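Residue numbering restarts at 1 for every chain, and letters A, B, ... go by the order of the sequence lines. Treat the numbers as computed from the prediction; the structure is a model and nothing was measured.
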Protein chains: 2
Amino acid sequence: MPSTRKPTRRGERTRAAILDAAAPLFARHGYRGAPLASVAEAARLTQPGLLHHFPSKERLLLAVLEERDREAMRWMRDTWSEGGSAALRALVALVARNTTTPELVQLFTVLVGEGVSESHPAHEYFEERYERLRGSVRRAIAQGQDTGEFRTDVDAAVLANLVLAMLDGLQIQWLLDRDQDMTAAFEAFVRILLEHLAPRDEG
Amino acid sequence: MPSTRKPTRRGERTRAAILDAAAPLFARHGYRGAPLASVAEAARLTQPGLLHHFPSKERLLLAVLEERDREAMRWMRDTWSEGGSAALRALVALVARNTTTPELVQLFTVLVGEGVSESHPAHEYFEERYERLRGSVRRAIAQGQDTGEFRTDVDAAVLANLVLAMLDGLQIQWLLDRDQDMTAAFEAFVRILLEHLAPRDEG
DNA sequence: GTCTATATGTGGATAGAC
DNA sequence: GTCTATCCACATATAGAC
């Protein structure tokens, strides 16, 4: 077995082009609403040409999601690791950044909506994604509790739940009406949260 | 014009049966994922038989949404009109009730996900729905401010935004993992909100 | 690795009988 | 008001040439 270790280098380019073409189309029309041929056309291929790189439409979808998730995580990692209120402020920055990439926001909103159906190909993917994200946020809050920045008599897991819910919910409303100031709204939420998390005055 | 005032009485029964059959199927598979024939079968008709009552699949979808919205609003009206913290407690009760009807929750979650796409037949419907709901919640909070129950230096419109977002976001996570206690989470959120809205001690 | 051609299946809507 | 039969468009996937 000579050189099968790393995936082929030639052809990676078109693979990336397909992923880039697929994301906005899945975002605009949903997985079921975006024909494979339209993705192929956007990537300047024919539909069977596309299927040479991805064995099925389903696998293409999962590749798109994983790719975009990886990107977002790279972006977050630095500020995120601090934990506590810094992490919450990092989330505000993430929301602000999201308002500059509506297609990406729509990709996840549209697909998670489709994905709550048990029969949907990305159902398991989203189950795992939310469990993972809840864990991340919970740990960031717990970190703030450990350092004494946050009070310790609140349930970090429940708060993590609320934070993620707020992100998703605001995105829905923002996508339906771009005039909404999603960043300001989330900032207001974080302010309320920090107020709630502030240790009580002793005495 | 003799008796065209009220819609026909005969035939209303099958129309209702179709709506009842359509809701869970749209919920499970989405609008695009649920074939008209499957709805017809569930309503014990053939597909062309169904189309005698609704001119198109799109019109059927809108009828389903309006029907379910009407029901939910009937349920809310009484407690809701009080405004202030009573209204927020009514929302907690609504969430608790929603956990007993997962199909209904899924119907709106799946369809609003599809519906953020501009091309989706229910896009405008959801635009108007959220504007209407934001108005309702905003007025309920403003009412609490008028009576002196809530402090007045917070933006009721932004809070309404947050409340609706929280409802939607928690539903997504709950649908992906039914073990989550959506009611407890929303209750925790309302508690934080009430704490934030409590008038400051004078002095 | 990309193409043309095609197999195969599905789904919304219409025509027209009863 | 409901049916059978059918049309037509679309979409995923495969076969096989280049």
Determine all donor-acceptor pairs shorter than 3.5 Å in which one atom belongs to a side chain in residues 97-108 of chain A; sequence neighbours excluded.
unit_1   : atom_1 : unit_2  : atom_2 : d
A:Thr99  : OG1    : A:Ala96 : O      : 2.5
A:Thr100 : OG1    : A:Arg97 : O      : 2.5
A:Thr101 : OG1    : A:Asn98 : O      : 3.4
A:Gln106 : NE2    : A:Ala27 : O      : 3.2

Original post:
What is the distance from CZ of A:Phe54 to P of D:dT14, rounded to the nearest Å?
Top reply: 16 Å

**OP:** Sequence neighbours left out, what passes side-chain contact (heavy atoms from CB on, under 4.5 Å) with B:Ser81? Give chain and number order.
**Re:** none

Original post:
Closer than 4.0 Å, any side-chain N/O of B:His52 to the OP1 or OP2 of D:dG1?
Top reply: yes

Original post:
Rounded to whole angstrom units, what separation is found between the CG atom of A:Leu60 and the P atom of D:dA11?
Top reply: 15 Å

**OP:** Send over the distance from B:Glu41 CD to D:dT2 P, rounded to a whole Å.
**Re:** 16 Å

**OP:** Grab the two heavy atoms, one from B:Ser136 and one from B:Trp80, that are nearest each other, plus how far apart they are.
**Re:** O-CZ2, 3.7 Å

**OP:** Can you pull out how bent the helix from C:dG1-D:dC18 to C:dC18-D:dG1 is, comparing the axes over its first five and last five pairs, to 10°?
**Re:** 0°

Original post:
Does A:Thr46 put a side-chain nitrogen or oxygen below 4.0 Å from OP1 or OP2 of C:dC3?
Top reply: yes

Subject >> Donor-acceptor under 3.5 Å (B:Gln143 side chain, B:Glu82 main chain) >> reply: yes

Subject >> Separation of atom CZ in A:Arg44 from atom C1' in C:dC3, rounded to whole Å >> reply: 16 Å

Original post:
Below 4.5 Å, heavy atoms only, C-beta onward: do A:Thr79 and A:Leu94 meet side chain to side chain?
Top reply: no

**OP:** Assess whether atom CD of B:Glu41 is packed by more than 12 heavy atoms of other residues, nucleotides or ligands within 6.0 Å.
**Re:** no

**OP:** Write down the distance between CG (A:Leu50) and P (D:dA11), rounded to a whole number of angstrom.
**Re:** 14 Å

Original post:
Within this structure, what is the CZ-to-C1' distance between A:Arg15 and C:dT2, rounded to whole angstrom?
Top reply: 17 Å

Original post:
Quick one: does B:Phe54's side chain get under 4.5 Å of B:Leu19's, heavy atoms only?
Top reply: yes

Tell me which donor-acceptor pairs under 3.5 Å the side chains of residues 57-67 of chain B have, and how far apart each pair is, sequence neighbours excluded?
unit_1  : atom_1 : unit_2  : atom_2 : d
B:Lys57 : NZ     : B:Tyr31 : O      : 2.7
B:Lys57 : NZ     : B:Ala34 : O      : 2.9

Original post:
Quick one: what's the B/S/- string for nucleotides 11-18 of chain C, heavy-atom cutoff under 4.0 Å, read 5' to 3'?
Top reply: SBBB----

Original post:
Rounded to the nearest Å, what distance is computed from the CZ atom of residue A:Arg13 to the P atom of nucleotide C:dG1?
Top reply: 12 Å

Original post:
For residues 147-172 of chain B, which residue pairs qualify under salt bridge (charged side-chain N to carboxylate O under 4.0 Å, His left out), counting only residues two or more places apart or in two chains?
Top reply: B:Arg151-B:Asp153

